Structure formats: C-alpha cells, structure tokens
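See structure below.
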Amino acid sequence: KQEVTQIPAALSVPEGENLVLNCSFTDSAIYNLQWFRQDPGKGLTSLLLIQSSQREQTSGRLNASLDKSSGRSTLYIAASQPGDSATYLCAVSMGETSGSRLTFGEGTQLTVNP
Amino acid sequence: KAGVTQTPRYLIKTRGQQVTLSCSPISGHRSVSWYQQTPGQGLQFLFEYFSETQRNKGNFPGRFSGRQFSNSRSEMNVSTLELGDSALYLCASTPWGTGAYFRGYTFGSGTRLTVV
C-alpha cells in the first residue's frame with residue numbers, strides 16, 4: 001500500500017527566504033506526482049505535475065524535483081512571500097491512465113511572516 | 001474557461017438523513033473523482049467515474065455512492081449520515097490521457113458537510 005509522508009508538518013519563515021518542502025513515498029512505481037496548495041477552507045490548487053519520466057518541473061518561483069528510485073520529491077520555493085502561506089500537499093498516482101486515484105501526504109503548513 | 005464547480009458550498013444535515021452533492025467538471029473532462037478531507041484522516045479517495053462508469057473505488061462503506069451523467073457531471077450520495085461523515089468533500093476532474101499525455105487533476109472548491 002502506497003504511503004506518502006511530508007516533512008516538516010509545519011514551517012514558519014521570514015519573507016524573502018528560500019525554502020524546501022519534502023515528500024517521500026514508499027512505492028517507487030509511481031506514474032506521476034503532483035504538488036498542490038490549499039488555502040484554509042478551500043479546495044486544492046495544482047502547482048506542478050511531474051511525470052515519472054521527468055526529473056523536475058518549474059513554474060515561476062516554484063521548482064519541483066522527483067527522484068523515483070529513492071522515493072522522494074522536493075518543492076523549492078524561492079524568495080517566499082506572505083501570499084505563499086498555505087498548506088502544501090503532494091500526491092502520487094500509481095496508475096497510468098487519467099482518473100487513477102491519488103494518494104496524498106498529510107501536507108506541510110507554511111507560514112511566511114512579513 | 002470555467003473550473004470545476006461543486007454545489008452546494010456548505011451543507012448542514014442531521015444524523016440519519018441522506019445528502020447529495022454535485023460536481024460539474026471542466027468542459028471536455030471525462031474523468032471525475034471524489035475525495036473526503038478530514039483533520040484526522042487527511043484526503044482520502046472515494047471513487048472515480050469515467051464515461052458514466054465507476055472505474056475505481058476507495059475503502060468507504062456502501063452508504064457512499066455516486067454516479068456520472070452523459071454530460072460528465074457527477075453526483076455523490078451519502079445515506080444514513082453519521083457524525084463522522086462531517087468533512088470537506090472535494091471533486092477533481094481531468095481530461096482523458098495516459099502516460100505522458102496525462103494532464104493532472106483540477107479540483108473544485110469543495111462542499112463542506114456538517115452532520116449534527
């Protein structure tokens with residue numbers, strides 16, 4: 001059974017700092033990994049999708065890497081801003097076809113202080 | 001382009017009642033999945049529909065059911081509500097695609113269900 005762990009559970013940083021969020025998974029036979037952010041009481045916003053054949057994806061100040069063999073992914077946020085404050089979730093899919101279930105980590109609650 | 005729309009946004013029900021939640025996917029998306037989010041269990045997969053067929057199901061009791069219509073809109077029903085069913089219910093849609101053509105999931109804002 002796939003298990004996804006995110007470390008740390010919570011993180012508080014001053015504005016402008018670069019930071020790394022970690023995600024690990026127990027079964028390396030994933031097809032893709034997706035990072036989401038969730039604001040309090042809201043739905044999930046997709047940040048980055050990494051296919052199993054890829055090593056990293058970038059979008060603006062965000063960079064996500066994937067190391068399937070070691071079962072790890074990291075989300076790097078550059079020059080953090082108060083608006084980045086949210087819970088960040090990683091999710092892996094074991095299926096190749098669309099609609100395959102996602103297994104989520106518990107999330108990292110990020111607070112960026114002005 | 002409209003996103004994934006879930007209705008209603010908030011719902012309060014009494015224990016023992018039943019409830020139906022609705023999800024309209026992004027136009028052209030044929031796969032709709034449902035997830036339950038609670039503080040204790042996190043996000044858990046309920047089921048997934050593709051072209052009106054349930055293709056995948058999580059480990060939830062039979063009180064949880066769903067369906068998908070020909071226009072890809074989906075409904076989720078919970079019968080005989082229990083206090084533990086209080087949660088944020090999220091729906092996600094994706095267009096058809098395999099492997100490198102998979103385009104990821106887009107989630108709705110969710111329906112907050114409170115059972116009293």
Side-chain angles (χ1 to χ4, degrees), chain A residues 1-7 9-10 23 25 29-55 57 59 62 64 66 68 73 75 86-109, chain B residues 3-6 9-10 23 25-26 28-51 53-60 68 72 74 87-112:
Chain A
K1 177 188 170 188
Q2 176 73 272
E3 291 182 0
V4 180
T5 303
Q6 291 187 245
I7 294 174
C23 171
F25 41 94
I30 67 169
Y31 276 95
N32 55 66
L33 183 146
Q34 200 164 355
W35 282 93
F36 297 90
R37 73 173 272 170
Q38 185 175 32
D39 294 285
K42 301 293 180 63
L44 276 59
T45 300
S46 179
L47 297 173
L48 290 164
L49 167 69
I50 311 178
Q51 304 285 2
S52 60
S53 58
Q54 298 174 322
R55 297 299 296 267
Q57 281 284 355
S59 176
L62 305 180
L66 174 64
K68 270 187 61 175
S73 176
L75 178 66
T87 297
Y88 289 80
L89 295 148
C90 77
V92 300
S93 173
M94 305 301 292
E96 189 179 23
T97 60
S98 59
S100 300
R101 72 175 71 186
L102 294 174
T103 301
F104 283 86
E106 292 293 322
T108 293
Q109 186 172 2
Chain B
V4 178
T5 304
Q6 291 189 247
R9 288 296 312 277
Y10 303 92
C23 173
I26 291 174
H29 287 198
R30 294 166 61 190
S31 169
V32 175
S33 303
W34 289 88
Y35 290 82
Q36 181 196 63
Q37 186 176 31
T38 59
Q41 300 295 318
L43 274 152
Q44 293 191 293
F45 173 80
L46 282 156
F47 31 63
E48 182 253 340
Y49 286 86
F50 184 86
S51 293
T53 301
Q54 187 181 86
R55 196 164 61 173
N56 220 334
K57 190 178 190 308
N59 296 323
F60 279 81
Q68 186 180 34
S72 293
S74 177
L88 180 65
Y89 290 87
L90 293 163
C91 154
S93 74
T94 185
W96 185 88
T98 63
Y101 296 98
F102 177 67
R103 288 292 172 257
Y105 294 88
T106 302
F107 279 78
S109 298
T111 293
R112 171 74 63 183

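Here is how names work: the chains are called A, B, and so on, in the same order as the sequence lines, proteins then strands, and each is numbered from 1. Keep in mind the model is a prediction, meaning the values are calculated, not measured.
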Heavy-atom pair of closest approach, residues B:S93 and B:H29: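 Taking every non-hydrogen atom into account, OG-ND1, 2.8 Å.
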Heavy-atom contact with chain B under 4.5 Å, split by part of A:Q38: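 The side chain, not the backbone.
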Proximal component of A:L49, with respect to chain B [non-hydrogen, under 4.5 Å]: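 Just its side chain gets close to chain B.
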Heavy-atom check, side chain of A:Q54 versus side chain of A:L66, under 4.5 Å: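 The answer is no, as the side chains (C-beta and beyond) never meet within the 4.5 Å cut-off.
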Heavy-atom proximity to chain A below 4.5 Å, by part of B:Y35: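 Side chain only.
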Which portion of B:Q41 sits near chain A, non-hydrogen atoms under 4.5 angstrom: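 The backbone, not the side chain.
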Any donor-acceptor N or O pair under 3.5 Å, side chains A:R37, A:T45: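 There is no such pair (donor and acceptor under 3.5 Å, judged by atom type) between the side chains of A:R37 and A:T45.
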Ring geometry between B:Y105 and B:F107 (parallel below 30°, tilted from 30 to 60°, perpendicular above 60°):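 B:F107 and B:Y105: tilted rings.
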Contacts of type side chain to side chain donor-acceptor pair (under 3.5 Å), residue A:Q2, not counting sequence neighbours: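 Per chain and number, A:Q2 pairs via side chain to side chain donor-acceptor pair (under 3.5 Å) with A:T26.
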Largest heavy-atom contact set with chain B, pairs under 4.5 Å, which of A:L44, A:T103, A:L89: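 Top option by heavy-atom pairs under 4.5 Å: A:L44.
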